[in-house]
Amino acid sequence: MGFKVEVDYDKCESNAVCMAIAPEIFEVRDDDFLYVLNDTPDDSERPRVQEAVDRCPKQAISIAEL
Amino acid sequence: MAGVRAAQAMRRAGFDGVITVVGDETHTPYDRPPLSKAFLVADDPSTAVRPVVPDLDSLGLEWRRGRSAVSLDAATLAVTLDDGEVLAADGVVLACGATARRLPGTEDLAGVHVLRTLDDAIGLRADLDASPRRVVVIGAGFIGAEVAASCRTRGLDVTVVEALSLPLGRVLPPDLGRWCADLHRAHGTELRLGVGVDGLDADGSGRVHAVRLADGTVIAADVVVVGIGVIPNTQWLDGSGLTIDNGVVCDATTLAAPGIVAAGDVARWRNPLFGESMRLEHWENAVDMGVHAGTRLLAADGDAEEFAPVPWFWSDQYDRKIQLAGRCDAGDSVELIEGTFDDARFVALIGRAERLKGVFGVNRPAVVNRWRQHIADGISWDDALQLSSG
Ligand SMILES: Cc1cc2nc3c(=O)[nH]c(=O)nc-3n(C[C@H](O)[C@H](O)[C@H](O)COP(=O)(O)OP(=O)(O)OC[C@H]3O[C@@H](n4cnc5c(N)ncnc54)[C@H](O)[C@@H]3O)c2cc1C
Ligand code: SF4
């Protein structure tokens with residue numbers, strides 16, 4: 001079963017915590033916006049995405065099962 | 001906060017025994033950072049309140065909400081509650097946080113607030129909604145600064161009174177403290193630095209109406225917010241057998257005694273990465289240390305890992321997102337590596353004794369993260385400066 005990374009951009013404040021955990025998936029660029037580089041990562045990335053979900057100070061990230 | 005994270009970590013690790021959570025607040029455990037920010041400015045403050053974790057209801061926790069723990073026996077792991085109930089346990093997580101310090105003698109004055117709990121925030125918000133003529137914030141720490149910024153965003157007149165000569169003078173080197181002071185002034189917040197508060201004056205109805213300063217100045221104010229730091233909640237642990245020293249003292253793995261771990265604002269431990277005893281009042285530390293402590297409680301002593309984070313903290317003030325990773329003391333060296341103090345965004349390195357200790361960034365989160373990793377790697381100050389110029 002794969003999963004999809006969803007970000008609620010109304011909540012996200014671009015503090016780049018997620019980027020520190022999984023830079024191949026989350027990137028905060030110089031324009032101060034967060035870009036999800038890969039919203040359907042391999043299942044092996046699940047623990048790191050879960051860590052980003054847990055440590056996002058705004059609870060802006062969620063995992064949707066596909 | 002740290003307590004729920006510990007419980008969540010234990011559940012995820014497969015622990016299916018009973019977990020009882022004792023908390024003296026009656027609300028569903030909520031996140032504190034929005035209380036000084038969105039909660040004070042949003043049209044609907046309830047949008048700023050969220051449970052500490054989204055899956056709170058599915059963790060299978062037994063609650064003792066609105067109840068206080070009044071004593072712990074570290075030898076038997078028995079916790080006694082205020083109504084006499086005694087909880088017997090195989091393990092105890094101490095995540096009892098800290099209490100905001102008040103100005104002695106002002107506890108009963110209407111219009112005088114501290115800001116730690118949701119109830120505090122509800123009370124403050126109601127007073128701000130009543131369009132006060134002036135808000136005085138006592139203490140230019142992070143909470144005071146955020147409250148001042150929120151008040152300015154609402155168009156209220158604000159004065160911040162700080163006994164030290166610069167905001168955050170005990171934590172930040174003078175260059176950074178000056179920058180904080182300028183940020184306030186640029187947004188129309190009045191600053192009274194280097195002067196203490198003598199007392200508060202009340203009107204006939206018991207409501208504050210002025211703040212008297214040590215230099216004789218009197219500032220008219222109908223709302224006063226006291227942000228002069230916190231005291232770790234360890235009083236109830238007197239006589240427990242645990243070592244208390246401005247927090248619950250634990251070892252590098254977060255263990256305070258056999259079967260007892262501590263996490264969050266209340267916990268003091270020796271961070272092996274810095275070789276320094278620390279107690280942090282940071283959201284991320286409550287999350288990470290909570291998880292670590294929960295995991296530690298389930299681990300065999302031989303498998304216990306040390307808790308060795310690079311501390312990380314953010315503060316939103318006006319239109320600036322301030323982030324501080326690592327350690328910072330007033331006497332440290334500061335080196336700007338991106339932008340200037342006049343820019344909307346800049347990054348400064350903090351060093352001492354030939355070592356990179358910290359990084360202070362404004363509106364530069366990704367850069368702060370990169371440097372946080374360098375701090376974890378323990379690079380020297382010279383290498384840091386070289387890296388920043390190359
Ligand atoms: C207004 C505000 C804004 C903040 N903003 C930021 C920010 O922008 N960035 C950041 O990094 N950090 C911020 N923080 C700090 C962060 O919220 C704290 O570090 C975090 O809440 C600490 O979690 P904790 O679990 O250790 O303690 P707490 O969240 O304080 O939880 C401890 C709980 O235990 C209860 N308790 C205590 N003693 C007992 C007892 N004997 N019996 C029963 N219950 C008891 C307390 O009432 C409390 O509910 C902010 C804090 C506040 C107050
Ligand atoms: S951690 Fe959360 S708030 Fe921060 S950039 Fe990522 S999604 Fe946004």
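Please read these numbers as outputs of a predicted model, since none were measured by experiment. Each chain gets a letter, A, B and so on, in the order the sequences are listed, and its residues count up from 1.
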Is it true that a side-chain atom of [X] and a backbone atom of [Y] form a donor plus acceptor pair closer than 3.5 Å?
{"X": "A:E27", "Y": "B:A366", "answer": "no"}
{"X": "B:R370", "Y": "A:A20", "answer": "no"}
{"X": "B:N369", "Y": "A:A16", "answer": "yes"}

Might you confirm whether atom [atom1] of [X] has over 12 heavy atoms from other residues, nucleotides or ligands at distances under 6.0 Å?
{"X": "A:E6", "atom1": "CD", "answer": "yes"}
{"X": "A:F33", "atom1": "CZ", "answer": "no"}
{"X": "B:D16", "atom1": "CG", "answer": "no"}

**OP:** Among B:N363, B:V53, B:D288, single out the residue with the greatest number of heavy-atom pairs under 4.5 Å to chain A.
**Re:** B:D288

Original post:
If you count heavy-atom pairs under 4.5 Å between each of B:R12, B:Q373, B:Q8 and chain A, which one has the most?
Top reply: B:R12

Subject >> Proximal to chain A - members of residues 310-321 of chain B, heavy-atom separation under 4.5 Å >> reply: B:W312, B:W314, B:D316, B:K321

Contacting region of [X] [heavy-atom separation from chain B under 4.5 Å]:
{"X": "A:V17", "answer": "both"}
{"X": "A:C18", "answer": "neither"}
{"X": "A:Q50", "answer": "side chain"}

Subject >> Least distance between heavy atoms, B:R5 atom then A:D54 atom >> reply: NH1-O, 2.8 Å

Subject >> Atom pair CG (A:D30) and CZ (B:R364), whose distance is rounded to the nearest 0.5 Å >> reply: 4.5 Å

Original post:
What pairs of residues pass the salt bridge (Lys or Arg N to Asp or Glu O under 4.0 Å) test when at least one of them lies in residues 12-21 of chain A, not counting sequence neighbours?
Top reply: A:E13-A:K58

Original post:
Hey, does B:E284 have a side-chain heavy atom less than 4.5 Å from the side chain of A:P57?
Top reply: no

